[in-house]
Amino acid sequence: MKHAVTFDLYKTDDRTRARRGCLHTPHGDIQTPVFMPVGTQGTVKAMKPEDVKTLGKEGAHIILGNTYHLYLRPGHELVKKAGGLHKFMNWDRAILTDSGGFQVFSLGKLRKITEEGVRFSSYIDGSKHMFTPEKSIEIQNALGSDIMMAFDECAPYPADWRYVKDSLELTTRWLARCKAAHHDWERQSLFGIMQGGTYKDLRYESAMQVVEMDLPGYSIGGLSVGEPKEIMYDVMDDCVELLPKEKPRYLMGVGSPDCLFEGVERGIDMFDCVLPTRLARHGTALTSHGEVKIKNAKYAEDFEPLDSECDCYTCRHYSRAYLRHLFRENEMLSAMLLSEHNLHFLVSTMEKIRKSIEEDRFPEYKREFFAKYGEF
RNA sequence: GUGGGUGUCGUCAAGCGGUUAAGACCCUGGGUUGUGGCUCCAGUAUACGAGAGUUCGAAUCUCUCCACCCACC
């Protein structure tokens with residue numbers, strides 16, 4: 001079967017498991033490792049698509065959309081009528097859609113999980129809905145994303161072994177149903193998601209079952225849900241080992257600068273995270289010298305840019321004092337400028353990571369980065 | 001000048017004889033990882049206009065003074 005999305009692995013670092021590769025999609029190539037900005041509701045919050053294309057040197061080449069949100073509003077049928085999500089939101093590069101599985105987890109109270117799927121109440125109006133693997137694929141087909149994610153159950157942390165085992169096995173059965181429900185593989189690819197919580201044996205079981213499905217990419221789910229970072233790193237180590245080298249590996253929901261480096265070092269190719277845009281809206285900037293909480297009083301008369309080493313639009317034109325003023329006044333421009341900066345920071349950090357891998361100096365670059373950024 | 005009203009944290013504002021004197025805003029700090037939320041959490045302030053009295057006990061009652069507001073001369 002010919003896949004919409006294929007992966008070329010260019011190189012693996014000699015000293016770490018870091019990889020340098022490229023994802024080919026119907027909407028362009030994506031150099032990896034990559035950070036994917038999240039645009040849940042068909043928009044990267046506070047950003048115009050044309051500005052998302054200017055992040056870093058080349059701009060973001062792929063963003064996320066969300067099945068759950070777009071299904072509830074404006075409705076996947078409407079998006080389909082509009083010509084698909086790309087056209088609807090004026091984004092001609094690649095899109096990956098999350099399946100709705102995570103929302104089922106994060107909007108916990110309002111749901112009931114069965115073999116068939118998940119019954120849940122809309123966070124908007126409380127109306128009752130049912131998601132099944134087939135429904136998730138139907139919605140993602142209508143949205144027309146390049147990469148669709150399997151409908152999974154993300155177990156909470158902590159969760160006991162038995163729960164996680166049943167959950168991962170259900171996720172595998174759902175994955176088989178997702179695969180069966182999808183037809184146009186040349187237009188859209190489906191990535192499988194492994195679960196298994198923090199249990200090594202369950203991660204193994206999940207990986208075996210998911211990889212057996214022979215999909216164009218695999219992701220590691222169920223991490224960054226509240227577990228300590230050391231545990232997350234350990235689980236990542238285990239997971240990456242279990243995934244085939246020739247397929248892209250996607251670590252879902254992870255995106256703080258430290259986790260990005262740790263993930264790349266362990267062989268992760270793709271990341272996504274709401275963190276940069278959420279932090280931006282809440283007044284925190286990510287800079288080469290660590291986090292800058294722009295609302296802090298010490299920036300009231302600081303007329304320097306957020307990050308003296310940053311060449312983003314925000315840093316080229318605005319001072320910390322001005323950004324603080326905008327934030328305190330709750331001006332929209334505050335979210336716009338900080339979001340653009342934070343995304344630029346992560347996207348360009350990833351560009352530098354890719355370059356360092358190409359030049360065999362990823363470990364040195366990592367050390368250099370943290371020497372400035374500070375410890376965690 | 002006469003009559004009336006009001007004075008409680010930086011601001012607004014509860015309380016009207018026994019409270020650790022609410023709360024909100026502001027301010028200060030923190031959180032945020034497959035995005036419901038211009039959000040959530042926490043913290044600081046000896047604030048009862050001044051003085052004298054009544055009372056076991058006063059922000060609460062009385063008197064004097066001060067300040068401000070509104071009417072009328």
Side-chain angles (χ1 to χ4, degrees), chain A residues 35-47 62-70 72-73 95-110 120-126 136 140 145 147-155 157 171 191-195 217-229 232-233 236 250-260 262-263 268 270-286 291 293-300 324 326-336 338-339 342-343 346 376:
Chain A
F35 174 77
M36 308 181 284
V38 177
T40 301
Q41 319 234 37
T43 164
V44 176
K45 290 185 193 295
M47 295 283 291
I62 179 170
I63 60 174
L64 264 70
N66 198 292
T67 297
Y68 175 85
H69 301 268
L70 295 171
L72 287 178
R73 275 183 185 165
I95 295 176
L96 178 152
T97 41
D98 195 10
S99 64
F102 187 77
Q103 281 60 49
V104 164
F105 156 78
S106 63
L107 301 168
K109 303 111 266 180
L110 319 165
F120 62 93
S121 297
S122 161
Y123 76 91
I124 297 169
D125 59 7
S136 178
Q140 295 186 78
S145 53
I147 299 174
M148 305 185 296
M149 296 310 300
F151 186 65
D152 65 333
E153 189 205 346
C154 179
Y157 175 87
T171 289
F191 277 23
I193 304 174
M194 63 180 289
Q195 292 290 345
Y218 300 102
S219 73
I220 299 170
L223 287 184
S224 198
V225 290
E227 75 284 1
K229 279 185 180 170
M232 178 170 82
Y233 296 150
M236 276 164 57
Y250 166 25
L251 178 58
M252 306 186 81
V254 168
S256 60
D258 54 333
C259 293
L260 252 34
E262 296 299 330
I268 302 292
M270 305 162 68
F271 302 85
D272 80 279
C273 196
V274 304
L275 199 61
T277 42
R278 179 181 291 161
L279 285 179
R281 277 176 281 116
H282 294 176
T284 297
L286 300 167
E291 292 187 354
K293 295 178 198 304
I294 202 62
K295 62 182 163 182
N296 286 178
K298 63 183 172 184
Y299 300 121
R324 178 171 190 268
L326 290 181
F327 182 80
R328 286 158 59 88
E329 291 310 312
N330 213 350
E331 283 292 338
M332 288 181 278
L333 188 57
S334 167
M336 293 164 64
L338 287 174
S339 293
N342 280 354
L343 286 173
L346 289 191
F376 293 88

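The sequence lines fix the lettering, A, B, ..., with proteins before strands; numbering per chain opens at 1. What you see is a predicted model; the values in this text were computed from it and never measured.
Whole-Å rounding puts the A/L279 CG to B/G37 P distance at 13 Å. Going from atom NZ of A/K229 over to atom P of B/G31 covers 11 Å, rounded to whole Å. Counting to the nearest Å, the P atom of B/G31 and the CG atom of A/L286 are 12 Å from each other. What separates CZ of A/F102 from C1' of B/U35 is a distance of 9 Å, to the nearest Å. Rounded to whole angstrom, the span from the NZ atom of A/K45 across to the P atom of B/C38 amounts to 7 Å. Distance, A/I268 CD1 to B/G34 P: 15 Å, rounded to whole Å.
Both geometric conditions, a ring-centre gap below 5.5 Å and a plane tilt below 30°, are fulfilled for A/H282 over the base of B/U39.
A search for side chain to side chain donor-acceptor pair (under 3.5 Å) contacts involving A/D272 returns A/Y250, not counting sequence neighbours. Partners of A/E262 under the side chain to side chain donor-acceptor pair (under 3.5 Å) rule, at least two apart in sequence or in another chain, are A/R266, A/K366. In this structure A/Q140 satisfies the side chain to side chain donor-acceptor pair (under 3.5 Å) test together with A/T97, A/S136, sequence neighbours excluded. With sequence neighbours left out, A/N330 forms a side chain to side chain donor-acceptor pair (under 3.5 Å) with no residue at all.
Residue order along RNA chain B, read from the 5' end via each residue's closest nucleotide, puts A/E291 first among A/R281 and A/E291. Nearest-nucleotide positions on RNA chain B for A/F327 and A/V254 put A/V254 closer to the 5' end.
For the OP1/OP2 pair of B/G36 and a distance below 4.0 Å, the side-chain nitrogens and oxygens of A/S106 include at least one atom meeting the criterion.
Pairing analysis of RNA chain B (Watson-Crick: purine N1 to pyrimidine N3 plus N6-O4 or O6-N4; G-U wobble: N1-O2 and O6-N3; both under 3.5 Å) yields stems of 3 or more pairs at B:1-7 with B:66-72, B:10-12 with B:23-25, B:27-31 with B:39-43, B:49-53 with B:61-65.
Ring pair A/Y68/A/F120 is tilted by interplanar angle, where 30° to 60° counts as tilted.
For A/D152 against B/G34, a side-chain N or O and a base N or O form a donor-acceptor pair under 3.5 Å.
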At a cut-off of 3.5 Å, list every protein nitrogen or oxygen paired with a nitrogen or oxygen from nucleotides 27-29 of chain B, distance to 0.1 Å.
from: B/C27; atom 1: OP1; to: A/R328; atom 2: NH1; distance (Å): 3.4
from: B/C27; atom 1: OP1; to: A/R328; atom 2: NH2; distance (Å): 2.8
from: B/U28; atom 1: OP1; to: A/R324; atom 2: NH2; distance (Å): 3.1
from: B/U28; atom 1: OP2; to: A/R328; atom 2: NH1; distance (Å): 3.1
from: B/G29; atom 1: OP1; to: A/A297; atom 2: N; distance (Å): 3.2
from: B/G29; atom 1: OP2; to: A/A297; atom 2: N; distance (Å): 3.4

